[in-house]
Amino acid sequence: MQTEIATTAELARRIRLHALRMVHRANASHIGTCLSMADLLACLYGSILRVRPQEPNWPQRDRFLLSKGHGAAILYAVLAERGFFPLEWLDSYCTDGSPLTGHISHHVPGVEVSTGSLGHGLSIGCGMALAGKRDGADYRVFVMLSDGELDEGSNWEPILFAGHHRLDNLVAIVDYNKIQSFGSVQEVLDLEPLKAKWEAFGWAAREIDGHDHEQILTTLQTLPFQAGRPSVVIAHTIKGKGVSYMEGELAWHYRSPNTELLRKALDELGGCE
Amino acid sequence: MRTAFIEELCKLAEEEERIWLLCGDLGYSVLERFRDRFPNRYVNVGVAEQNMTGMAAGLALCGKIVFTYSIANFPVMRCLEQIRNDICYHHANVKIVAVGGGLAYGAQGYTHHGVEDLAVMRVLPEMTVIAPGDPVETRLATRAIVSYNGPCYLRLGKAGEPIVHQTDPKFEIGKAILMQDGSSVTLISTGGMLATVMQAAQRLAENGIAARVLSMHTLAPLDREAILAAAAETGGIVTVEEHGIGGLASAVAEVLAVAGYAVPFRALHLPRKPTSHAGTQESLRSVHGLSVEGIVTVARALT
């Protein structure tokens, strides 16, 4: 486990560095949301997901769907780190003619679906999980949701469906960083009690620290949490995690670090490699 | 049309095991035959069209040919963004089926009138839009969209529409069916107006006016050649549709305008105004000239 944690922690550090450089270069938004799920993505792609980077459409692969499509930069980064496409592609993020659009695009190898409008991923994931069940396939479907997007009523339809149909090959992960687009979750539209809501809909729920690699790995290694129930991981995270001046600051949903701030951020994360 | 659809779908599902059917808790007395024969490929998702549509995309991305089924606007409007982003953008192999298109649910009121669906669907990229003219075209269209890999919208009437085609015509997505030839005027029909248009053509013939009749079952991709030929070879064009603006009339007008054809042109469609009262399908059609008399009057004025 310690070796594994060292590996995923280093992957998390590297993809944070990539994402920071990408949004800086593109003058793009959404670095805060990238950093809050960095550790979750690193654990998923570094250890948990059964994928073949050289064969992205391998039928038996685990599916990972980024429903919070605005967190694209860091998913591109982790896919590049895993070898789905060359790391150099990351330099083209949001530039003219690049497939690496600001919201996640399925035209990039390893990306299952394009999202960007919130509240779409979980339904698509439900369809994939149902196909897996009825086909007798053993792949799993992971859907990463933001807290803000749980405002969308369209999420609660698949939450109801997956519980009713006992899709225990479906895993939702809520990147619960407590800050949505225009305010804190608590102020805008409070989700609490969040765990109880999922449980009431028939899901097996676990709450974890979404930055603690040991907790993340241990939790994701025990899926499904309960046979016959879909699993949800409510991951408590910090928006902008890893960069002191970004942590917990709404502004970094929008801002892009200038050269000086980028250097500071990179230094805090152990510098460029 | 819905009976022709489900019978054909069951037949196809025997041959093609990738076919799935999702419904939004509607389809009583229609879908049971599919459900009972193919329970493993059928889901009633509940009254949740957004989830139905997103799930359909997910299933299709796992190799299924997925039909979604509900009535009038429900599988189209409520879940439009799921259709645009999840289905069209991903070129997912999903077939959206709406029964009761047009004014089929006339007396139920405007919420149940599917009179903007063709306009909305035909602007979506990748979407094939089909409104068959009768149960025969419905059967052929169902078969054709299963063979075609990509998003399709199938707009059906309800039940009991007359059979217009006595034998199976050649049915090709994107190709109008020439119902009868003539040179005085061309009547272009889409969807369930076909029987009425054929009666109007008969009436015109009795008055010495030879009408060409096209069943334009596919609105996207549109049969430009058939429209341009009608413009060049006949005295004018009349479009007939049980739908508001933005549908067949607009599609045909776009083709004519871009080609620079100043052909006499009239469009029979519903106004851009909700119906505020009850009425049978026939009575609501007639008010807006979607009747034999209405078509004959407009066509005669052109010749």
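In what follows, chains are A, B, ... by sequence order, proteins preceding strands, each numbered from 1.
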Answer yes or no: does atom [atom1] of [X] have more than 12 heavy-atom neighbours from other residues, nucleotides or ligands under 6.0 Å?
{"X": "R84(B)", "atom1": "CZ", "value": "no"}
{"X": "E32(B)", "atom1": "CD", "value": "yes"}
{"X": "R166(A)", "atom1": "CZ", "value": "no"}
{"X": "R78(B)", "atom1": "CZ", "value": "no"}

Between S117(A) and N85(B), do the side chains contain a donor N or O and an acceptor N or O under 3.5 Å apart? no

Donor on one side chain, acceptor on other, Q50(B) and H120(A), under 3.5 Å: no

Distance in Å, [X] [atom1] paired with [Y] [atom2], rounded so as to fall on 0.5 Å steps:
{"X": "C79(B)", "Y": "E157(A)", "atom1": "SG", "atom2": "CD", "result": "9.5 Å"}
{"X": "C62(B)", "Y": "D135(A)", "atom1": "SG", "atom2": "CG", "result": "7.5 Å"}
{"X": "N51(B)", "Y": "L122(A)", "atom1": "CG", "atom2": "CG", "result": "8.0 Å"}
{"X": "M55(B)", "Y": "L130(A)", "atom1": "CE", "atom2": "CG", "result": "5.0 Å"}

Most contacts with chain A, counted as non-hydrogen pairs under 4.5 angstrom, among V47(B), V43(B), T53(B), V66(B): V43(B)

Which of E81(B), R41(B), K64(B) touches chain A most, by non-hydrogen pairs under 4.5 Å: E81(B)

Region of E49(B) in contact with chain A, defined by heavy-atom distances below 4.5 Å: backbone

Top contributor to chain B interface from G119(A), S154(A), C126(A) [non-hydrogen pairs under 4.5 Å]: S154(A)

Go through A131(A), G132(A), P158(A) and name the one with the most non-hydrogen pairs under 4.5 angstrom from chain B. P158(A)

Which is it for V113(A) and H90(B) under the side-chain contact (heavy atoms from CB on, under 4.5 Å) test, yes or no, and what are the steps along the way? CA-CA 7 Å; V113(A) 291; H90(B) 295 85; 3.5 Å; yes

Flag side-chain contact, heavy atom, 4.5 Å: [X] against [Y]:
{"X": "L59(B)", "Y": "M128(A)", "answer": "no"}
{"X": "H107(A)", "Y": "Y89(B)", "answer": "yes"}
{"X": "H106(A)", "Y": "L61(B)", "answer": "no"}

With chain B as the partner chain, list the residues of residues 40-68 of chain A whose heavy atoms fall under 4.5 Å from it, by residue number, and write 'none' if nothing qualifies. R63(A)

